[in-house]
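Each remark here refers to the structure printed beneath this line.
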Amino acid sequence: MVRTLPYADMDKILSISKRRGFVFQSSEIYGGLGSTWDYGPLGVELKRHVKEAWWRSVVLDRDDMVGLDAAILMHPQVWVASGHVENFTDPLVECRSCNRRFRLDHLAEAAGMELDQADSAKSLEVLACPECGGELGDPRQFNLMFKTFMGPVEDTASEVHLRPETAQGIFVNFANVVNSTRKKLPFGIAQIGKAFRNEITPGNFTFRTREFEQMEIEYFVKPGTDEEWLQRWVQSRLDWYVEYGIRRENLRLRQHGSDELAHYAKDCYDIEYRFPWGWAELEGIASRTDYDLRQHAEHSGQDLTYFDEETKSRYFPYVVEPSGGLDRGVLAFWLDSYDEEPDGEAVRVVCRLHRKLAPVTVAVLPLSRNAKLVPAAQDVHARLRRHFTTQYDDAQGIGRRYRRQDEIGTPYCVTVDFDSLEDHQVTIRDRDTMHQSRIPIDELVSVLQDKVEHGW
Ligand code: GAP
């Protein structure tokens, strides 16, 4: 398939997003709430399909993985032990003229400076406020964790954090999972869930927000095998994005420099996507050593070592952590699928989402609202909706309906026409080739299942 655009124009995606119901600004009728977004009827299906594709790939299709769904609110000691209370900070600078706040590392990067170079009084004179050119104040470390209170008393004793990563829910359940599943190393635990960060400079639509979802894996390995597993996971995660439709040339790997490694990491690779505003992180794959299990063992007083039957010894496993952002993944799959092609005098907008990710998998379109066609089309729809995410659309002419489905990425349209009433066949139209074929209604489910599984 020839793709005409290297990647989508952000404005076009934003327009489709609102008009077709992918993503809306949160609390829009009140003027919106900074950097929070709501997924609309199509967005929620796209997001659900991305989650399902990830879960299948990292849990259901593997023998060495299990899933978890831990609570967002956790014991306050979790964040002390994990190092987030002390270290989960960004360097913040404030403009002395307009009082806007910025992340110093972002300003440094834009100016082509290393962070430790930027974090000096001299450099601060060089770096100016990107909004008004004003002088910047001294940098200070700003902790990104949101706080709230548990119970009716609002004092420090009842303070809890909204989790800034799902990972810690996995670490604190390590012994529970080992004891209940008898899993042997190497094995991993996967989790999808909300995380919250009080970002200094959120932006770029759903790319950097204060409330977002992560898809995280903690993969526990024998110390000494961690480097090999890090490489295996980097390759496997990169392949997953390509398998589900992102063009390889729009993805790249970037190893972290020693000055940017998180406080728990010994090594880390980012999978970056070429967003319309430049290369930016989709997923990080970090080598976390035994940092977290050791910290939790020390702070909780519990034994979190693993008993190795082969060597008859106890040790803390090492951890490799592929940690992806669900919202960023959804945005990248969507952006990369956007396409336009000439259509006579007009332009055909086609969202070439992978058939398993598209919000609607099959659209059922009666040729018209004729009284005989409608019950037949509704019957076809009833058969299909039990197996696929479907949409029934009978508004306007068939050509316009095909275009509407193309714009939201529906891979298959099933048209019920007058011949269907006689020959009990319907037409399947493929989004990308626009090829049409007649299929007996009784075979429709299995033909479509085969197409979804194996391609056009
Ligand atoms: N447990 C490791 C961890 O949380 P991270 O690199 O801070 O690592 C992992 O976050 C992923 O979560 C990122 O690669 C990104 O996709 C996503 N993410 C992080 N902060 C985000 C934000 N403010 N908005 C949306 N996604 C975010």
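None of the values given here were measured: they were computed from a predicted structure. This chain uses plain numbering: 1 for the first residue, then up along the sequence.
Taking both residues in full, the closest heavy atoms of Val221 and Tyr219 are given as CG1-CD2, 3.5 Å, listed atom of the first, atom of the second, then distance. When all heavy atoms are compared, the tightest approach of Val426 to Val380 is CG1-CG2, 4.3 Å. Between Ile246 and Ala332, the shortest heavy-atom contact is CD1-CB, 3.8 Å.
For the pair Arg237 and Tyr241, the cation sits on the ring face: its NZ or CZ lies under 6.0 Å from the ring centre, inside 45° of the axis.
Note: His263 and Tyr291 have perpendicular aromatic rings, judged against thresholds of 30 and 60 degrees for the angle between ring planes. Trp79 and His84 have perpendicular rings, their planes meeting at more than 60° on a 0 to 90° scale where under 30° would count as parallel. Between Phe171 and Phe220, the ring planes are perpendicular. Angles over 60° get that label, and only those under 30° would be called parallel.
Applying the salt bridge (charged side-chain N to carboxylate O under 4.0 Å, His left out) criterion to Glu228, with sequence neighbours excluded, gives Arg232.
Screening Arg429, Arg431, Arg352, Arg401 for a side-chain hydrogen bond (donor to acceptor under 3.5 Å, both in side chains) involving Asp406 leaves a single residue, Arg429. Looking at Gln231, Glu283, Arg254 one by one, the single match for side-chain hydrogen bond (donor to acceptor under 3.5 Å, both in side chains) with Tyr269 turns out to be Gln231.
Counting heavy atoms from C-beta on, the side chains of Phe196 and Pro164 never come closer than 4.5 Å.
Electrostatic pairing of Arg288 and Glu165 counts as a salt bridge here, judged by a charged N lying under 4.0 Å from a carboxylate O. Under a 4.0 Å N-O distance rule, the pair Glu211/Lys194 qualifies as a salt bridge. Salt bridge annotation for Lys12-Glu407: absent, with no cationic side-chain nitrogen under 4.0 angstrom from a carboxylate oxygen. Remark: Glu199 engages Arg103 in a salt bridge, criterion side-chain N to carboxylate O under 4.0 Å. By the 4.0 Å N-to-carboxylate-O rule, Glu453 lies close enough to Lys356 to be salt-bridged with it. Salt bridge Lys451/Asp430: present, at least one basic N to carboxylate O contact under 4.0 Å.
Within the 3.5 Å criterion, the main-chain N or O of Ala81 finds a donor-acceptor partner in the side chain of Gln295.
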Check against side chain to side chain contact (heavy atoms under 4.5 Å, CB included), Ile408 and Phe22: CA-CA 9 Å; Ile408 63 169; Phe22 279 87; 3.9 Å; yes

